[in-house]
Amino acid sequence: MTPAPASADEAESWVRGELIRSLMRSARGSYFVSAALMPAMVGLNWAYVPRWELLTWLVAGLIATACRAWGARVYAVRYAGRSAAAQQQFTERYGFVWSTSAVVWGLSVLLFFERTPQVNQFMSWLIVAGVGTFPLNGLALHPPLLKRYVNTLFITMLGAVVIRLASIALHHPQFQYGYLMPILPILHWFLLLRAGRHIHETARNSLELLFHNHILIKSLTQQRQAAVSAVAMKNRFLASAAHDMRQPVLALSLYADWLRNEPELVLELAPKIVRATHAVNALFDSMFDLARIDSGQVRLHVERVDVPELLHDLELQYRPVAESRGLDFRVHVCEGSFLTDPIRVRRMIGNLLANAIKYTAEGGVLLAARQTRDGLRVEVWDTGIGIAPEHLRDVFLEFYKVADHAGTSDGFGLGLAIVARLSHVLGHPVSVRSRLGSGSVFRVALHDADEAVAQARVSASGG
């Protein structure tokens with residue numbers, strides 16, 4: 001059985017394909033049973049029918065059996081592992097092999113009907129009835145093929161009966177007995193089609209139930225994996241937060257003890273206490289930002305933002321920080337505007353600038369706006385330590401800090417996580433390129449944000 005598809009929309013196609021696959025599995029080798037019954041039919045009529053008729057029918061039967069075997073081989077080689085559409089194509093293209101066998105067995109009535117003793121006729125009718133009934137369970141899985149086989153068999157059979165009755169009537173005008181014989185094949189014909197319909201419905205319902213069970217199990221598995229991932233993320237989040245908070249809190253404790261024992265050092269310790277307090281506040285602010293986004297509590301206010309004005313505001317905020325570290329801070333402006341939440345987009349680009357300044361020891365930082373074929377884009381370049389390729393995707397995770405990476409000891413690993421969240425919410429895709437030891441460039445595509453869509457993404461994050 002092929003794996004069930006992920007989407008319920010594909011259920012019909014999958015079930016139809018599986019029914020045909022089941023048909024071909026059940027039909028595997030069944031043509032040999034049909035071939036084995038042919039000598040029995042010939043033997044029952046050997047003493048009463050011209051041998052050339054029997055041998056001609058036997059050769060036709062063996063050819064029909066060879067066609068069935070060839071069709072099974074074609075299916076196994078070309079179609080067995082393919083899609084439901086391919087299964088359907090096989091039955092339409094090669095259904096004639098079943099019809100060929102049905103025609104041969106239908107014509108067998110010409111050999112024995114009213115030409116052999118009653119016992120021999122009865123046994124021959126049983127063989128023909130068995131040939132019609134034996135493949136029912138398999139062919140019923142694909143009703144068009146069942147109807148094609150059964151209709152061909154009984155139409156040919158009834159045609160042969162009519163031919164025999166007409167021949168008998170020409171020689172024995174008063175003969176009446178055989179005229180009742182077509183009633184039984186007609187009744188058998190009706191019963192086979194009716195039984196085939198019930199078998200098909202049962203098999204189809206079973207496969208549909210199997211399909212929906214698969215979908216349910218897959219959904220439950222995904223939900224369980226999501227829950228496990230959420231718990232793991234929460235544990236990692238709390239562990240990382242506790243680890244990053246420990247250092248400034250411990251510093252505050254040490255400074256407090258130091259100040260209590262040596263009050264005269266207040267001028268020296270006060271700035272250190274202030275820095276440690278700012279570090280704790282910065283961590284809490286970043287955690288609250290993430291929590292608000294993830295809980296869906298952020299209210300967005302989308303409006304048109306002027307790009308030169310946006311870059312000017314960011315320059316005023318971050319140029320002094322860069323120059324205090326001895327870095328060159330350059331800005332490249334281009335005209336343009338776009339729809340977004342101005343507070344959140346400043347936070348996004350500001351976090352990128354803060355990271356660029358933090359991880360750049362010498363050289364400078366470039367804040368640039370460019371007009372591209374895909375629209376406006378803001379880029380943040382730096383000549384810092386760069387990021388190795390294997391870490392490029394992980395740097396957007398919460399509390400992720402590259403091990404043994406200069407400049408990461410005083411960070412919390414939340415800046416880029418907030419950038420990633422806001423990028424998704426506002427619809428401003430972020431990309432990054434970096435070369436270890438040479439620097440990095442982060443690009444933010446300034447597509448127009450749709451307030452309703454963005455707010456829906458925030459709500460989805462909270463759900």
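Computed from a prediction, not measured in an experiment: that's the story for all the values here.
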Side chain to side chain donor-acceptor pair (under 3.5 Å) evaluation trace for R25 with S22: CA-CA 5 Å; R25 284 194 294 270; S22 299; 3.1 Å; yes

Steps toward side chain to side chain contact (heavy atoms under 4.5 Å, CB included) verdict (F112, Y48): CA-CA 8 Å; F112 63 83; Y48 310 99; over 6 Å; no

Donor-acceptor pair, side chain of D341 and main chain of H301, under 3.5 angstrom: yes

Donor + acceptor pair across side chains of T221, R224 (<3.5 Å): no

Short side-chain to backbone donor-acceptor contact, Q121 and E114, under 3.5 Å: yes

For the student: nearest non-hydrogen atoms of S337 and R304, plus distance: OG-NH1, 3.2 Å

Separation between CG of L146 and CG of N137, rounded to the nearest 0.5 Å: 10.5 Å

Main-chain N/O of G130 paired to T133 side chain as donor or acceptor, under 3.5 Å: no

Close side-chain approach of W189 and M157, heavy atoms under 4.5 Å: no

Residue pair H188 / W125, side-chain heavy-atom distance below 4.5 Å: no

Between CD on residue Q88 and CD1 on residue I20, distance to nearest 0.5 Å: 5.0 Å

Closest contact, heavy atoms only, S34 versus W105: OG-NE1, 2.8 Å

From CA spacing to verdict: side chain to side chain contact (heavy atoms under 4.5 Å, CB included), N355, N351: CA-CA 6 Å; N355 266 22; N351 282 1; 5.9 Å; no

Note, T91 side chain near P144 side chain (heavy atom, < 4.5 Å): no

Heavy-atom side-chain contact between L193 and N151 under 4.5 Å: yes

Non-hydrogen side-chain atoms of I127 and L44 separated by less than 4.5 Å: yes

Member of H142, R21, E18, R16 meeting the side chain to side chain contact (heavy atoms under 4.5 Å, CB included) criterion with Q87: R21

Rounded distance [0.5 Å steps], CG in L141 versus OG1 in T202: 10.5 Å

From CA spacing to verdict: side chain to side chain contact (heavy atoms under 4.5 Å, CB included), R115, R164: CA-CA 9 Å; R115 299 180 71 180; R164 286 292 305 139; 3.0 Å; yes

Non-hydrogen side-chain atoms of R73 and V77 separated by less than 4.5 Å: yes

Least distance between heavy atoms, L314 atom then R346 atom: CD2-O, 3.9 Å

F96 CZ: over 12 foreign heavy atoms closer than 6.0 Å: yes

Student check: side-chain heavy atoms of L19 and H200 closer than 4.5 Å: yes

Between CE on residue M348 and OG1 on residue T340, distance to nearest 0.5 Å: 8.0 Å

Side chain to side chain contact (heavy atoms under 4.5 Å, CB included) assessment of N45 paired with S124: CA-CA 9 Å; N45 300 285; S124 298; 3.7 Å; yes

Closest contact, heavy atoms only, V131 versus P135: O-CD, 3.1 Å

Heavy-atom pair of closest approach, residues A102 and L153: O-CD1, 3.5 Å

Gap separating the CE atom of M123 from the OG1 atom of T116, nearest 0.5 angstrom: 11.5 Å

4.5 Å side-chain heavy-atom contact, R344 and V425: no

Distance (rounded to the nearest 0.5 Å) between W57 CH2 and L62 CG: 8.5 Å

I343 atom CD1, over 12 foreign heavy atoms within 6.0 Å: no

For the student: nearest non-hydrogen atoms of D306 and G336, plus distance: OD1-O, 3.6 Å

Residue pair R148 / S99, side-chain donor-acceptor N/O under 3.5 Å: yes

